[in-house]
Amino acid sequence: MQQIKLYFTKKEQVNMFFNFLVYIIFLGYSIYLFSSNLNDPFNWFMLAIAFAFLSFSVLKEFINFHFKKAIYLLTVKCDPKAGLNQIAKVERYDLFKSFDSACLIFRVLALLDQHDTENLRNLLENIPTDQVKDLLLVKAYANFKITIFNKNKTQMKKAFASLITFKDIKHKGKAIFSPLFSWEDIEAEYEYRMNDFKKANSLLNKANMAAMNQRELAQHAFLQAEVFIQLGKLKEAMGLYQEVVLMSSLNAYGEEAKAAIANQGVVYESPKINR
């Protein structure tokens with residue numbers, strides 16, 4: 001029960017409760033109808049159909065539970081390795097491949113958090129972007145981040161130009177793509193790499209941190225620390241690096257923050273990050 005509270009929102013918990021209530025009622029009613037006439041072959045057939053329906057429904061709930069756990073491991077625990085192990089269970093039991101696109105997006109984000117550019121490139125080459133539109137955005141974002149990890153400014157400019165086109169695409173006044181990323185952070189990272197540190201800082205200050213999860217807050221704090229270093233705010237930067245270590249010690253950002261702290265030779269008290 002504790003895990004359900006961790007992985008699911010209150011609304012999702014209520015939906016899950018009603019789903020299982022419906023399953024139990026359906027099963028009870030099916031057994032009642034079957035037991036009323038044990039000699040009728042049609043009743044046996046309907047019972048088999050009922051059990052098949054319930055089996056697949058429960059399997060879907062089981063898969064969804066493991067997917068939610070993977071999301072929790074990635075976004076709250078900031079543990080991409082454990083998240084990938086969990087997502088492998090989802091893929092193993094997802095007989096109808098209904099979680100395929102979600103798992104692909106998860107794998108991209110987890111590999112990004114590990115800065116695993118080799119496996120990330122291999123994955124991106126095989127992403128079927130014609131199936132789910134959000135995969136187009138995720139692929140463009142991943143390509144942008146790869147150029148940053150590889151410190152290739154020329155390719156970064158091209159990747160950013162391609163990525164930023166997704167920002168204002170709308171249909172009938174509504175955004176087409178899911179709000180998967182903070183555009184302020186994306187633009188701030190670009191300006192930081194282009195050495196416009198004041199503009200990067202201004203963009204970071206505009207980011208909606210209240211909408212960010214633990215993973216996003218850690219990456220936001222890491223970028224803010226990098227900008228502060230360039231602006232000569234060493235104490236503030238060290239505090240943010242420490243915050244990153246506390247929030248995401250199990251991914252590449254946490255490791256880089258540890259290295260940054262060690263290189264400065266002193267750890268300052270971490271400022272509080274609003275959540």
Side-chain angles (χ1 to χ4, degrees), residues 7-9 11-12 15-16 19 56-57 59-76 78-149 158-187 189 208 211-216 219 251:
Y7 309 152
F8 294 84
T9 64
K11 183 178 180 180
E12 290 171 338
N15 289 338
M16 183 184 294
N19 284 344
F56 286 122
S57 297
L59 177 62
K60 185 177 180 180
E61 298 290 347
F62 171 82
I63 294 170
N64 190 47
F65 172 83
H66 283 288
F67 181 74
K68 290 291 186 179
K69 183 176 180 179
I71 294 293
Y72 175 82
L73 289 168
L74 182 68
T75 62
V76 179
C78 299
D79 188 348
K81 184 177 180 180
L84 285 170
N85 290 336
Q86 194 66 34
I87 215 69
K89 294 182 181 178
V90 174
E91 293 168 333
R92 186 184 314 139
Y93 294 108
D94 185 17
L95 303 179
F96 297 104
K97 307 301 179 184
S98 55
F99 284 79
D100 268 7
S101 297
C103 287
L104 275 173
I105 292 174
F106 184 96
R107 284 191 173 278
V108 170
L109 297 180
L111 290 173
L112 283 171
D113 288 2
Q114 293 177 313
H115 293 188
D116 187 349
T117 56
E118 183 177 352
N119 284 319
L120 190 53
R121 278 201 188 95
N122 293 334
L123 180 63
L124 293 177
E125 288 176 0
N126 298 304
I127 283 186
T129 52
D130 58 327
Q131 295 182 11
V132 177
K133 62 181 183 300
D134 283 341
L135 285 171
L136 286 168
L137 173 60
V138 170
K139 186 173 184 177
Y141 176 77
N143 283 325
F144 171 63
K145 295 294 286 187
I146 287 173
T147 64
I148 290 172
F149 298 154
K158 294 179 181 178
F160 177 75
S162 176
L163 172 59
I164 204 66
T165 59
F166 291 89
K167 180 181 178 181
D168 298 317
I169 297 178
K170 294 182 179 180
H171 180 66
K172 295 182 179 179
K174 294 183 179 180
I176 291 178
F177 297 95
S178 302
L180 298 172
F181 310 109
S182 165
W183 287 108
E184 289 81 9
D185 279 20
I186 290 172
E187 293 180 63
E189 182 147 29
N208 182 12
M212 296 182 183
N213 55 44
Q214 183 100 329
R215 169 184 175 272
E216 293 164 337
Q219 294 181 23
N251 64 25

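Here the structure is a predicted model, which means the values were calculated and not measured. Residue numbers run from 1 in the order of the sequence given.
The shortest non-hydrogen separation linking Asp134 to Ser178 is OD2-OG, 2.7 Å. Heavy-atom minimum distance, Pro128 versus Leu135: O-CD1, 3.8 Å. Shown here for Leu74 and Ala110, the closest heavy-atom pair between the two residues is CD1-CA, 3.9 Å. Taking both residues in full, the closest heavy atoms of Phe106 and Leu84 are given as CE2-N, 3.8 Å, listed atom of the first, atom of the second, then distance. Considering every non-hydrogen atom in both Ala102 and Phe67, the closest pair reads CB-CZ, 3.6 Å. Of all heavy-atom pairs between Gln214 and Val76, the closest is CG-O, 3.4 Å.
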For a quick test of your reading: what N or O donor-acceptor pairs under 3.5 Å do the side chains of residues 162-169 make, sequence neighbours left out?
{"residue": "Thr165", "atom": "OG1", "partner": "Ser162", "partner atom": "O", "Å": "2.6"}
{"residue": "Lys167", "atom": "NZ", "partner": "Glu187", "partner atom": "OE2", "Å": "2.7"}

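The backbone N or O of Asn251 sits nowhere less than 3.5 Å from a side-chain atom of Asp113 that would complete a donor-acceptor pair. A distance-only check finds no donor-acceptor pair linking the side chain of Glu125 to the backbone of Asn122 [under 3.5 Å]. The backbone N or O of Lys60 sits nowhere less than 3.5 Å from a side-chain atom of Asn64 that would complete a donor-acceptor pair.
Using bins of under 30°, 30° to 60° and over 60° for the plane-to-plane angle, the ring pair Phe65/Phe8 lands in the parallel bin.
Residue pairs satisfying the salt bridge (Lys or Arg N to Asp or Glu O under 4.0 Å) criterion with at least one member in residues 80-91, sequence neighbours excluded, are listed as follows: Glu91-Arg107.
Taking CZ of Phe160 as the reference point, atom OG1 of Thr147 lies at 11.0 Å (rounded to 0.5 Å). Distance OG/Ser182 to CD/Glu216: 8.0 Å, rounded to 0.5 Å. Tyr7 OH to Gln86 CD: the interatomic distance, rounded to the nearest 0.5 Å, is 7.0 Å. We find the CD-CG distance between Glu12 and Asn15 to be 7.5 Å, quoted to the nearest 0.5 Å. Annotation: the span from Ile87 atom CD1 to Phe99 atom CZ amounts to 9.0 Å, rounded to 0.5 Å. The distance from atom OH of Tyr72 to atom CG of Asp79, rounded to the nearest 0.5 Å, is 11.0 Å.
Remark: Phe149 CZ is packed, more than 12 non-hydrogen atoms of other residues, nucleotides or ligands lying under 6.0 Å away.
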Please test Val108 against Tyr141 for side-chain contact (heavy atoms from CB on, under 4.5 Å), starting from the C-alpha separation and ending with a verdict.
CA-CA 10 Å; Val108 170; Tyr141 176 77; over 6 Å; no
Walk me through it: do Ile146 and Leu124 pass the test side-chain contact (heavy atoms from CB on, under 4.5 Å)?
CA-CA 11 Å; Ile146 287 173; Leu124 293 177; 3.8 Å; yes
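The only member of Asp116, Thr117, Leu123 that meets side-chain contact (heavy atoms from CB on, under 4.5 Å) when paired with Asn119 is Asp116.
Looking at Gln219 and Asp185, their side chains never bring a donor and an acceptor atom within 3.5 Å of each other.
Using a 4.5 Å cut-off on side-chain heavy atoms (C-beta onward), Leu109 and Leu180 make no contact.
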